[in-house]
There are 2 protein chains.
Amino acid sequence: MNSEFTIAVHSLVYLAYIPDRMANSDMIAHNVNTHPSRVRKVLSCLKKSGYLATKEGIGGGYLLNFQPERVTLAELYEATSVGSIIPSWSSGSTDPACIVACNMAKVMDRIFSDAERQLVLYLEQTTIADVLQRVRESGIEQHSR
Amino acid sequence: MNSEFTIAVHSLVYLAYIPDRMANSDMIAHNVNTHPSRVRKVLSCLKKSGYLATKEGIGGGYLLNFQPERVTLAELYEATSVGSIIPSWSSGSTDPACIVACNMAKVMDRIFSDAERQLVLYLEQTTIADVLQRVRESGIEQHSR
DNA sequence: TATACTGTTATTATATTTGTTACAGTTGAG
DNA sequence: CTCAACTGTAACAAATATAATAACAGTATA
């Protein structure tokens with residue numbers, strides 16, 4: 001799985017967490033632990049999909065453009081990483097002498113596509129608000145020990 | 001997703017397809033379109049899990065050790081590629097100043113593990129015999145055009 | 001007009017995946 | 001017994017994918 005999905009989810013959870021729901025790429029990159037440029041790349045994509053507003057110039061940054069309860073991980077997967085569970089390598093050949101050799105790639109591709117559909121169905125069950133909630137619960141566990 | 005899973009499935013479908021259900025790594029590698037050594041690596045793993053018998057020496061090779069109707073893709077995924085949909089990269093840091101930064105990795109890891117469980121559930125629905133059937137149907141489509 | 005941002009591209013570094021070679025160990029035929 | 005044909009495995013090389021970094025044009029705002 002593509003780690004841009006992780007960066008997208010983390011960034012949005014972080015924005016949902018902070019009071020004014022706004023931060024620039026430096027702050028997000030520091031929280032996510034990657035390079036600001038990578039954050040900008042992922043978030044510019046989420047902006048195009050309408051999940052974020054941006055403000056350029058002094059004091060600007062990324063601003064959450066949705067209710068955390070209304071955006072699911074499935075949407076973010078589709079926006080950033082669709083196809084990423086399908087392996088780039090395919091078996092078989094176009095040699096028509098063996099139906100296994102020449103049809104396996106097609107059959108496996110179908111299996112992977114369907115698997116991805118199942119994955120998306122599962123990701124639909126979790127919203128950004130849910131993830132933030134889990135983060136908070138993790139924090140509580142941590143302190144109570 | 002790991003392509004060893006693809007190699008495993010393709011190899012077993014091929015063995016299930018050929019009449020005597022036996023072939024050596026050269027024949028399988030040629031059908032799969034990879035190196036015999038890679039085939040041996042994957043299949044030695046499947047042998048350990050009991051899906052194959054091997055015969056060394058002249059005329060030897062890999063022999064299907066199960067009914068194609070009784071082995072699911074889930075088992076092969078577990079044998080060859082478990083964990084492969086979980087990204088190696090994790091976000092966040094151990095810096096305790098922000099609960100998002102320090103708990104996201106754990107929360108995401110849980111999400112990916114659950115996603116993998118869903119994937120396995122899906123793969124349980126398909127057997128090697130089903131895949132072979134689909135290969136045969138692809139072949140029919142191909143000829144009827 | 002200077003400054004602080006985003007958006008984007010290009011480049012480098014690192015990690016992963018795949019291909020290949022090599023060889024020890026095993027089996028069975030002759 | 002000996003040779004040839006296998007598997008099993010490790011080591012290495014090549015190719016590819018991923019992540020980090022740098023650079024800079026464009027834009028908004030103080």
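Every chain is numbered from 1, with letters handed out A, B, ... down the list of sequences. We use all heavy atoms of the structure for the numbers below, so side chains are in, but hydrogens, waters and symmetry mates are not.
To the nearest angstrom, C1' of C:dT27 lies 11 Å from CE of B:Met22. If you take CZ of B:Phe5 and P of C:dT18, they are 14 Å apart, rounded to a whole angstrom. At whole-Å resolution of the value, CG in B:Asn24 and P in C:dG28 are 15 Å apart. Rounded to whole Å, atom C1' of C:dA22 lies 19 Å from atom CZ of B:Arg38. Atom CD1 of B:Ile7 and atom P of C:dT17 are 12 Å apart (whole Å). Atom CD of A:Glu4 and atom C1' of C:dT8 are 13 Å apart (whole Å). The CZ-P distance, from A:Arg40 to D:dA20, rounds to 14 Å in whole Å. The distance from atom CD of A:Glu56 to atom C1' of C:dA2 is 16 Å, rounded to the nearest whole Å.
In this structure, the side chain of B:Asp109 does not engage the main chain of B:Lys106 through any donor-acceptor pair within 3.5 Å.
Considering only side-chain atoms of A:Lys47, the nucleotide from C:dT8, C:dG7, C:dT18 that sits closest is C:dG7. For A:His35, the listed nucleotide lying nearest its side chain is D:dT21; candidates were C:dT16, D:dT21, C:dT6. In this structure, the nucleotide among D:dA30, D:dT7, C:dA22 sitting nearest to the side chain of A:Ile58 is D:dA30.
Considering only side-chain N and O atoms, B:Lys41 lies nowhere under 4.0 angstrom from the phosphate OP1 or OP2 of C:dT17. Taking only side-chain nitrogens and oxygens, A:Trp89 never comes nearer than 4.0 Å to OP1 or OP2 of D:dA17. For B:Ser25 and D:dC6, the shortest distance from a side-chain N or O to OP1 or OP2 is not below 4.0 Å. Dashed line: the shortest gap from a side-chain N or O of A:Thr34 to OP1 or OP2 of D:dA20 is under 4.0 Å. OP1 or OP2 of C:dG7 lies within a sub-4.0 Å distance of a side-chain N or O belonging to A:Thr54. Between A:Ser3 and the phosphate of D:dA19, there is a side-chain N or O to OP1/OP2 separation shorter than 4.0 Å.
For A:Ser37 and D:dA22, a side-chain-to-base donor-acceptor distance below 3.5 Å is present, hydrogens and geometry of angles not being considered.
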For this session: Might you work through the side chain to side chain contact (heavy atoms under 4.5 Å, CB included) test for B:Val32 and B:Arg38, ending with a clear yes or no?
Result: CA-CA 10 Å; B:Val32 169; B:Arg38 218 170 156 220; over 6 Å; no
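The pair A:Arg110-A:Asp114 meets the salt-bridge criterion, since a charged nitrogen lies less than 4.0 angstrom from a carboxylate oxygen.
Within the 4.0 angstrom heavy-atom criterion, only backbone atoms of the sugar-phosphate kind lie near B:Ser44; the bases stay farther away.
Annotation: of the two residues near DNA chain D, B:Leu43 and B:Pro87, the 5′-most nearest-nucleotide partner is B:Leu43.
When every heavy atom of B:Ala53 is checked against every heavy atom of B:Asn65, the shortest pair comes out as N-CB, 3.9 Å.
Atom OH in A:Tyr122 sits 11.0 Å away from atom CD in B:Glu116 (nearest 0.5 Å).
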